[in-house]
Participant: 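Below: one structure in structure tokens.
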Amino acid sequence: QVQLVESGGGLVQVGGSLNLSCAASVRPFSSYAMGWFRQAPGKEREFVAAITWSGIGTKYADSVKDRFTITRVGGANTMYLQMNSLKLEDTAIYYCAEGKSTSTLAAGERVASWGPGTQLTVSS
């Protein structure tokens with residue numbers, strides 16, 4: 001079983017930037033993709049971004065496309081989410097996840113592992 005832990009959350013002003021990281025206790029299954037989800041107060045959890053094990057293929061939610069960048073280095077047990085041009089609606093708890101593929105993660109299906117989450121608060 002893969003243990004995932006997020007870090008890097010905090011408070012940032014509108015238009016600012018922040019980088020989140022997700023560390024795995026052990027190397028995830030080689031063919032598994034990883035990604036990020038978020039849940040804002042009073043809202044359902046939503047998909048943010050996903051990346052293949054190799055770090056080459058990515059998927060993004062329309063709401064964060066061109067603002068967020070997901071990265072992963074092959075052979076390393078850490079994944080990142082660089083968030084730029086932050087908006088108030090980005091405020092949420094961000095969760096790291098592991099799944100079968102980027103497509104599966106984008107659909108929120110068959111998630112194998114979840115991290116405990118890290119809080120991002122965007123203020124004006």
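Atom set for the values below is all heavy atoms of this structure, side chains included, hydrogens, waters and symmetry mates excluded.
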Participant: If I compare all heavy atoms of Ala40 with all of Thr91, which pair ends up nearest, and what's the gap?
Facilitator: CB-O, 3.5 Å
Participant: If you measure from CD on Glu98 to CG on Leu105, what distance do you get to the nearest 0.5 Å?
Facilitator: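 If we round to the nearest 0.5 Å, Glu98:CD and Leu105:CG are 8.5 Å apart.
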Participant: Say whether Phe37 and Val64 are linked into one hydrophobic cluster, either directly or through other cluster members, by side-chain heavy-atom distances under 4.5 angstrom.
Facilitator: no
Participant: Measure across Ile56 and Thr52 and return the closest heavy-atom pair with its distance rounded to 0.1 Å.
Facilitator: N-OG1, 3.4 Å
Participant: What distance do Tyr60 atom OH and Phe47 atom CZ have between them, rounded to the nearest 0.5 Å?
Facilitator: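 Separation between the atoms: 9.5 Å.
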Participant: Closest heavy-atom contact between Met79 and Gly35?
Facilitator: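 Taking Met79 first and Gly35 second, the nearest heavy atoms are CE-O, 3.5 Å.
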Participant: Should Lys87 and Asp90 count as an ion pair when the cut-off is N to O under 4.0 Å?
Facilitator: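 Salt bridge: no.
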Participant: Can Met83 be reached from Tyr95 by stepping across I, L, V, M, F, W or Y side chains whose heavy atoms are under 4.5 Å apart?
Facilitator: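 Shared cluster, no.
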Participant: Is Val14 linked to Leu86 within one hydrophobic cluster, defined over Ile, Leu, Val, Met, Phe, Trp and Tyr using a side-chain heavy-atom separation of less than 4.5 Å?
Facilitator: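 Cluster IDs for Val14 and Leu86 match.
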Participant: Heavy-atom count check: over 12 atoms from other residues, nucleotides or ligands less than 6.0 Å from Glu44 CD?
Facilitator: no
Participant: Please check if any side-chain donor atom of Ser103 sits under 3.5 Å from a side-chain acceptor atom of Ser101, or the reverse.
Facilitator: no
Participant: Please tell me whether Val12 and Leu88 are part of a single hydrophobic cluster in this structure, the criterion being side-chain heavy atoms less than 4.5 Å apart.
Facilitator: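 In one cluster with Val12: Leu88, yes.
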Participant: CG/Asn84 to CG/Asp66 distance, rounded to the nearest 0.5 angstrom?
Facilitator: 11.0 Å
Participant: Any donor-acceptor pair under 3.5 Å linking the side-chain atoms of Ser21 with those of Ser7?
Facilitator: yes
Participant: I'd like to check Val5 versus Gln3 (side-chain heavy atoms, cut-off strictly below 4.5 Å). Are they in contact?
Facilitator: no
Participant: Restricting to non-hydrogen atoms, name the atom on Tyr94 and the atom on Trp36 that form the minimum distance, rounded to 0.1 Å.
Facilitator: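 For Tyr94 versus Trp36, the nearest heavy atoms are CB-CE3, 4.3 Å.
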Participant: So, for Val111 and Ser113, which heavy atoms are closest and what is the spacing to 0.1 Å?
Facilitator: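 Closest approach of Val111 to Ser113, heavy atoms only: CG1-O, 3.4 Å.
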Participant: What is the distance from atom SG of Cys96 to atom OH of Tyr80, rounded to the nearest 0.5 Å?
Facilitator: 11.5 Å
Participant: For the CZ atom of Arg72 and the OG1 atom of Thr58, what is their distance to the nearest 0.5 Å?
Facilitator: 12.5 Å
Participant: With rounding to the nearest 0.5 angstrom, report the CZ to CZ distance, Phe68 to Arg38.
Facilitator: 5.5 Å
Participant: Does some side-chain heavy atom of Leu20 sit less than 4.5 Å from a side-chain heavy atom of Glu6?
Facilitator: no
Participant: Verify the cluster assignment for Ile93 and Val48: are they in a single hydrophobic cluster under the rule of side-chain heavy atoms below 4.5 Å apart?
Facilitator: no
